Amino acid sequence: MLLSEKIAEDLPSDMKIVFYDKTDSTNTRAKEYARGKEKIEPTLFIAASQSDGRGRLGRSFSSDEGGIYMSLLMPPLPIDPMEITCRGAVAVCLCLERLYGLGVGIKWVNDIYVNGKKLAGILTEGTFDENGNLSYFVVGMGINVYKNTDLTTNLPIATTIEDVLSKRVDINELAATLAVSIADISSLESPVSEYRKRCITVGKRVTVIGYNDSYPARCIGVEDDYSLTVRRESDGELIRVFTGEVSVRLAD
Ligand code: BTN
């Protein structure tokens, strides 16, 4: 079971954390906490379960007990929100590789996959002031840890660490390790090359789903700004795809 005191034991003593047994969404809690504050201090919000876990593009994120749901509230950084999401994805991969030797992949832009199934997701949200400057941002991360037959039956694309490793891991140790890595994402070294190495979307056929149209394409690569270059199948045109505009679905 996810326990605040166990997680806190492993965290730097100056790291501010707010823990919930259950809340609606740690991203929502972080944004509410930040509202109206002049100075944002990095603060981590962690929940053992969420009633309204949110994913990208308005999707929900299943958040029963047995997973880790955390959001880091940060003051603005000179880093694009899409890059923050990608850095968050790299940080999660590095943790899972170091702790469990898992072979982890990233489905562009924010989904963490193992053995063809989704294990974790990242959602970055920011708020802008009246001058269009970022006031703060929140990077949220959800990871399925313990076996959850409701989740994996209802969402066959989902998996858990326990399913992948066939053993129960220490959820508090994992939460603390993830917390430290997420808190450090602004100093990750050469994250785009680490991201590219793990991006399972590259080379695959994809369906690019935009606001007004969708089309089949082949994914060519991840650019330095983390956008995706795809070759549209109908006319061979090379197109840059940015998150927020589109969803990219693996087609084979
Ligand atoms: C996705 O799969 O599209 C992203 C999922 C992000 C889920 C995490 S769980 C902690 C934080 N709180 C939320 O409501 N969402 C993020």
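Sequential numbering from 1 along the given sequence is applied to the chain's residues. Just so you know, ligand 1 is whichever comes first in the structure, and atom 1 is the first atom listed for that ligand. Computed from a predicted model, the values in this text were never measured in an experiment.
Looking only at side-chain heavy atoms (C-beta outward), F45 and Y69 stay at 4.5 Å or farther from each other. By the 4.5 Å heavy-atom criterion applied to side chains, L2 and I68 are counted as neighbours. Using a 4.5 Å heavy-atom cutoff, the side chains of V109 and R56 are in contact.
Close approach to G53 involves these atoms of ligand 1, each under 4.0 Å from a residue heavy atom: 14 (O). Within the listing of ligand 1, atoms 1 (C), 2 (O) sit less than 4.0 angstrom from a heavy atom of K118. Using a 4.0 Å cut-off to heavy atoms of T26, the atoms of ligand 1 that qualify are 10 (C), 11 (C), 12 (N). The distance from ligand 1 to the heavy atoms of R56 drops below 4.0 Å at these ligand atoms: 1 (C), 3 (O). For ligand 1, the atoms sitting less than 4.0 Å from at least one non-hydrogen atom of D111 are 2 (O), numbered in the order shown with element in parentheses. The distance from ligand 1 to the heavy atoms of S71 drops below 4.0 Å at these ligand atoms: 11 (C).
Counting only heavy atoms of the protein, atom 5 (C) of ligand 1 lies nearest to F61 CD1, 3.5 Å. Taking atom 7 (C) of ligand 1 as the reference point, the nearest protein heavy-atom neighbour is R54 O, 3.5 Å. Atom 12 (N) of ligand 1 has its closest protein heavy atom at Q50 OE1, 3.0 Å.
Of all the heavy atoms of M70, the ones lying under 4.0 Å from any atom of ligand 1 belong exclusively to the backbone. With a 4.0 Å heavy-atom cut-off, ligand 1 is reached by the side chain of N110 but not by its N, CA, C or O.
Atom 13 (C) of ligand 1 has its nearest heavy-atom neighbour, among S25, G140, G55, G67, in S25.
Residue-ligand proximity: R59 is placed with every non-hydrogen atom at 4.0 Å or more from ligand 1.
Look at R87 and E194 and you find no salt bridge, because none of the NZ, NE, NH1 or NH2 atoms lies under 4.0 Å from a carboxylate O. Salt-bridge annotation for R240 and D225: present, with a side-chain N of the basic residue lying under 4.0 Å from a carboxylate O of the acidic one. Salt bridge annotation for D64-K22: absent, with no cationic side-chain nitrogen under 4.0 angstrom from a carboxylate oxygen.
Screening residues 116-128 for side-chain hydrogen bond (donor to acceptor under 3.5 Å, both in side chains), with sequence neighbours left out, gives N27-E125, K31-E125, R54-E125, T85-T124, D111-K118, T127-Y136.
With hydrogens and angles ignored, the 3.5 Å screen pairs no side-chain donor or acceptor of D52 with any backbone N or O of S25.
Polar contact with ligand 1: absent for Y69 (N/O pair, distance under 3.5 Å).
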Please tabulate, one pair per line, all N/O donor-acceptor pairs under 3.5 Å involving side-chain atoms of residues 176-183, not counting sequence neighbours.
{"residue": "T177", "atom": "OG1", "partner": "E173", "partner atom": "O", "Å": "2.7"}
{"residue": "S181", "atom": "OG", "partner": "T177", "partner atom": "O", "Å": "2.8"}

